[in-house]
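Naming: A, B, ... by sequence-line order, numbering from 1 per chain.
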Amino acid sequence: MTEYGSPQPPSRDLCATMLVHRQLLNESMTYRSRRAAIENRALQYERGRRASLRTEVVTLPVVVHVVYNPKTPELNIGDAQIHSQIEVLNKDFRATNSDVGNVPAVWKPLVADIKVEFQLATLDPNGEPTDGIIRVPTDQLSFSWDNGVKASATGGSDPWPSDQYLNMWVCQLGGSLLGYAQFPGGPPQTDGVVILHSAFGTTGTAAAPFDGGRTATHEIGHWLDLYHIWGDDDGACTSDDKVADTPNQADSNTGVPTFPRITCDNGPHGDMFMNYMDYTDDAAMFMFTQGQATRMNACLEGTRASLLVGQVMRMPAPAAATSPAAAVAAVPAQQQPAHNGEVERLLHDSERLTNEILTDIRSALGLVTGDTGK
Amino acid sequence: MNDAPPGVIGAWLHSFEEDTETTAVYRPRDHPFRPARRVRRGLEFRADGTYVELRPGPDDRPREMVGRWRAQPDGRIQVTFPQGHGRPYELNVLSCVDGVLTVAK
Ligand SMILES: [Zn+2]
């Protein structure tokens with residue numbers, strides 16, 4: 001059957017397959033358990049059983065990894081292009097973007113100030129001063145969606161600790177992708193967002209119709225646990241984005257649609273295609289909703305709380321920030337005591353997890369024995 | 001395999017800008033596609049009968065679905081997935097010339 005190489009003993013094949021499979025199953029179960037806990041917390045916030053305690057604006061430290069092939073020097077984008085992206089984020093996540101006034105009247109009350117700002121890191125992981133920009137030459141002509149840009153071993157740039165920084169990689173991407181994200185709960189070594197250089201910022205190599213910096217706004221939405229507004233159900237109306245105040249819509253919208261656009265019996269107002277979590281052009285998306293703000297808060301105060309703790313350490317006393325060891329030692333003191341309902345939540349999580357893991361195990365057994373069951 | 005339309009082996013991405021009412025157009029994966037926010041669907045026919053479909057994922061990158069493909073005597077391509085991993089379907093390849101794969105919608 002195979003034309004290349006010498007055939008390997010089947011027993012070794014099977015053994016290797018089992019090892020890979022067990023590793024995947026382990027990763028899958030870890031990821032599932034993390035996602036279940038994150039989703040449960042989001043639900044608590046959505047139902048009002050937990051509320052954000054946060055009234056202040058938080059500032060998240062960002063490190064931008066510019067990974068470029070020296071044969072194409074323009075891929076080594078300039079500082080101005082990077083700063084233009086940070087500016088866009090600081091408007092979009094504060095609802096101070098100049099186009100927010102274009103939100104249809106019926107949805108204006110839903111427009112949310114996420115109270116999150118972004119700042120290029122001023123201290124690196126060792127506590128040394130930095131401008132928050134890393135420039136890494138590579139032999140790669142372009143990167144795929146396989147996380148290759150996130151590791152030096154594959155021609156990319158290793159992340160800074162993703163519990164303290166938002167890592168953004170900017171590079172040439174294949175397959176016409178504008179960018180991609182990783183949801184919270186995934187492996188820390190690949191946590192962050194990847195953006196095509198020509199869809200990054202508003203100047204330099206940024207090219208229409210993706211030169212409004214909105215690709216990063218969208219990807220950071222995922223990074224803060226937002227789903228696509230149409231629910232990723234491929235045109236069906238069966239699944240939504242787990243946010244109540246965004247209308248159920250059938251599929252993604254592209255380009256610059258005209259209001260109203262009706263799908264899924266969602267009239268008279270139709271799809272909220274001007275939401276950052278749809279797929280419209282940069283010029284056609286300009287809002288997050290209150291429900292999305294709640295979901296992002298659940299994430300920021302849950303699985304991504306380490307970024308907020310980091311801010312507490314960095315902000316008030318500059319002297320305290322000079323010693324990373326002191327910062328680390330202080331982290332446990334910042335942790336909240338158990339809330340009311342914590343036990344109930346844990347029980348609920350455990351039950352759901354047990355069921356999911358059982359499904360995984362049955363599926364794994366089915367693959368081994370050749371009986372996929374379902 | 002002998003009934004496979006000539007030239008179909010390879011990895012293709014949906015060039016949706018070139019679609020018509022009745023046909024979907026695919027081009028080789030390394031074609032200089034225009035950047036697009038909606039993830040392009042992909043089809044890959046390997047010589048050993050492996051089929052890899054790329055479907056848009058929730059994190060803006062394609063998800064791989066691995067199955068099998070087999071050419072039918074009438075030139076259609078039968079696609080199947082391991083049980084429980086996707087419904088089987090048929091592709092009606094209308095033409096495959098000069099790096100342009102045209103499939104009936
Ligand atoms: Zn997305």
Side-chain angles (χ1 to χ4, degrees), chain A residues 1-3 141-142 144-147 173-183 186 193-199 207-210 214-215 218-219 221-223 226-228 230-234 239 241 251-255 277-282 284-285 363 366-367 370-374, chain B residues 1 9-19 24-44 46-50 52-70 80-89 99 101 105:
Chain A
M1 292 289 278
T2 49
E3 294 99 323
L141 292 175
S142 81
S144 179
W145 51 82
D146 58 1
N147 294 322
L173 277 175
S176 91
L177 294 185
L178 293 184
Y180 62 89
Q182 178 172 301
F183 287 99
V193 301
V194 179
I195 316 282
L196 173 71
H197 72 94
S198 61
F210 306 118
R214 259 68 195 258
T215 301
H218 176 104
E219 302 306 345
H222 287 312
W223 182 80
L226 295 188
Y227 289 118
H228 288 137
W230 68 93
D232 295 299
D233 53 2
D234 205 16
S239 140
D241 57 356
D251 210 340
S252 55
N253 290 291
T254 56
M277 301 316 288
D278 204 337
Y279 268 174
T280 47
D281 285 350
D282 281 19
M285 51 168 67
S363 162
L367 282 176
D371 170 23
T372 45
K374 295 181 198 174
Chain B
M1 215 82 59
I9 303 289
W12 307 85
L13 280 183
H14 193 183
S15 186
F16 53 78
E17 298 90 339
E18 302 178 88
D19 281 6
V25 175
Y26 289 78
R27 287 181 177 273
R29 196 175 287 180
D30 56 3
H31 177 78
F33 289 100
R34 202 182 67 185
R37 185 154 275 144
R38 186 183 275 167
V39 178
R40 291 175 193 273
R41 283 178 185 273
L43 320 170
E44 182 177 355
R46 295 190 187 154
D48 67 356
T50 304
V52 183
E53 181 178 334
L54 300 178
R55 295 185 186 175
D59 54 2
D60 303 319
R61 50 182 148 185
R63 288 263 159 107
E64 287 192 354
M65 290 272 300
V66 179
R68 306 286 303 166
W69 70 279
R70 198 176 53 176
T80 55
F81 296 97
Q83 199 182 355
H85 292 258
R87 287 191 189 148
Y89 58 85
L101 173 69
K105 267 186 179 171

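Using a 4.0 Å cut-off between charged side-chain N and carboxylate O, A/Asp282 and B/Arg37 make a salt bridge.
For B/Pro56, no part lies under 4.5 angstrom from a heavy atom of chain A. Only the side chain of A/Met285 comes within less than 4.5 Å of a heavy atom in chain B; its backbone stays farther off. Proximity to chain B involves both the backbone and the side chain of A/Asn147, based on heavy atoms less than 4.5 angstrom apart. Looking at A/Thr280, the atoms closer than 4.5 Å to chain B (heavy atoms on both sides) all sit in the backbone: N, CA, C or O. Only the backbone of A/Asp281 comes within contact range of chain B, with at least one heavy atom under 4.5 Å from a heavy atom of that chain.
Only one option out of B/Arg38, B/Arg41, B/Arg55 pairs with A/Asp234 in a salt bridge (Lys or Arg N to Asp or Glu O under 4.0 Å); it is B/Arg41.
Nearest heavy atom pair, residue B/Gly57 against residue A/Asp232, reads O-OD1, 4.3 Å. Considering every non-hydrogen atom in both A/His228 and B/Pro58, the closest pair reads CE1-O, 3.3 Å.
B/Leu13 is not listed as a side-chain neighbour of A/Ser176, based on a closest heavy-atom distance of 4.5 Å or more. Two residues are said to be in side-chain contact when any heavy atoms from C-beta on lie closer than 4.5 Å; A/Trp145 and B/Asp60 fail this criterion.
No side-chain donor-acceptor contact under 3.5 Å links B/Arg61 to the backbone of A/Tyr180.
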